[in-house]
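Since the structure comes first, as structure tokens, the remarks are kept for the end.
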Amino acid sequence: MKLIGSILVVVATTLIGEYYANGYKMRIKYLMEMHRLLQMLYSEVEFSRGVLEEALLQMERGVGNGYKQFLRELSKGLSVGNGKSLEEHWKEAVYEYLHIPYLEKEDYEFFLSIGEALGYLDYEMERRTIAMYIERLQKKIDMLEKEVSNKCKLYHTLGVTIGCMVVLVLI
Amino acid sequence: MEKREQLAKIFPQTMRKMFLKDSFEFNKLQEIRLRTNKPVIISYNNREYYVSNNGKLQTDSTDAYLISKREMKETMEFVSSYSLYAYEEEIKQGFITIQGGHRVGLAGKVVVEGEKVKLIKYISCMNIRLAHEVIGCGDKIMPYIVTNSEIENTLIISPPSAGKTTLLRDIIRQCSNGNSFLKGISVGVVDERSEIGACYMGEPQNDLGIRTDILDNCPKAVGIMMLIRTMSPKLIAVDEIGSKEDIEAILYSCNCGCSLIATIHGSSLEDLEKKPRIKELIERRIFSRFVILDKTYGVGTVAYVLNEKKEPIYDRNKNSYIKL
């Protein structure tokens, strides 16, 4: 009985470690998705020069599920045009429609800051601003990717180690 | 969406509320002028009014609503649909066309590169000119510009704000749909300043008929060539001709067998003959009809219609007057 219990504890903590490791990888995945979204926005501004409301709908088709609803609802909000600034529309759409559990508070803050910077800039400024955000995000992703194997190892090891320690304490 | 609500979308919250109050008739609204820290001035039914803080029109400037710098910035954000970058070319020309076909003229600090306007920044003045389509305003002119079911090459001459674009728009619609004078023909429109079709996102907001192809925001000279090569129009329509390139493109189009209808700023044919380029067009008898408008009996009064020999086939002083 003790043996079965111990195995269960170790398996559970190992799975928790795996969960955190997976969460780390998923965070990178969704940040890469955000990166893709920004690149699409850049292309829309650079080449099609369509209005933001239209561009967001175009982008919706090309991004993963996590950001789809955000883009759709933001576009809808802008088309209604109830006298709010882009920053306000963006903030509302993020709070209501962007729920990606793997992203951290700092990722959300970064994403919110994009909405603050757009909407009133001329072509050159808008393009450069988006490019700057893409670059910042790329750096962040690179940093996280560099640490991915170490972090995953750490989470796995911690999972097993904590499980063993708990077993030792309990026994 | 109601026209009033559609236009209200470009105003900041306070002005939007005032604008949505039914204190005036939308159809009589002509212009709204916004200037930073100055009263909002409205041209309504050919008269000028201030807007009071509670949204009423008044002739007295006391208690007039002043628009702040922040509100001007917001208005610009709404006018450009949060996408100022998308309107850079229009801004260089000094205006943006918004949903409903209304035109927002802009003024502020102009940044010049060489001899060209690079951009206008710190926009502090806006003139919102409301588009009012007048369906059927060309009815009385059609008999003078159609001969044997063929449209004549026509030049509409008028001073600013006398109705030439409104008339051109209705003639385009009638030629495109067909009427009792001619069968519907394919019409190519080069709308350099988005005034004819008032396109919003490529879609004409005004009725230009069922056989009309429109190049929006396209330089006239380039657009005329493009239309001839790709859309085979029977009639080409352009607004406000004048440049050397325009004249060359017009001459080219006439050699291609297309009919042409154009407008130009001026008060009379003699006035136009002082401009060498236009004089050439007149002397070469490119146009066989000249419709001259003025404001004698209000906007859109037809003064004369002349034939290719410059002889009047309609004279306001001899015939009963035509008002569009």
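What you see is a predicted model, and the numbers here were worked out from it, not measured in a lab. Quick note on labels: first sequence line is chain A, next is B, and so on, each numbered from 1.
Interface residue L121(A): only backbone heavy atoms are found under 4.5 Å from chain B. In this structure, the portion of K73(B) lying under 4.5 Å from any heavy atom of chain A is its side chain and not its backbone.
By the 6.0 Å contact criterion, CZ on F110(A) is enclosed, its count of non-hydrogen atoms from other residues, nucleotides or ligands being greater than 12.
One side chain, D216(B) or S194(B), offers a donor N or O that lies under 3.5 Å from an acceptor on the other. There is a side-chain donor-acceptor pair under 3.5 Å between S85(A) and E88(A).
Ranked by heavy-atom pairs under 4.5 Å with chain B, the list E44(A), K84(A), H89(A) is led by K84(A). When the candidates R127(A), E54(A), M125(A) are compared by the number of heavy-atom contacts under 4.5 Å with chain B, E54(A) comes out ahead.
Note on E5(B) versus K9(B): no salt bridge recorded, every NZ/NE/NH1/NH2 to OD/OE distance being 4.0 Å or above.
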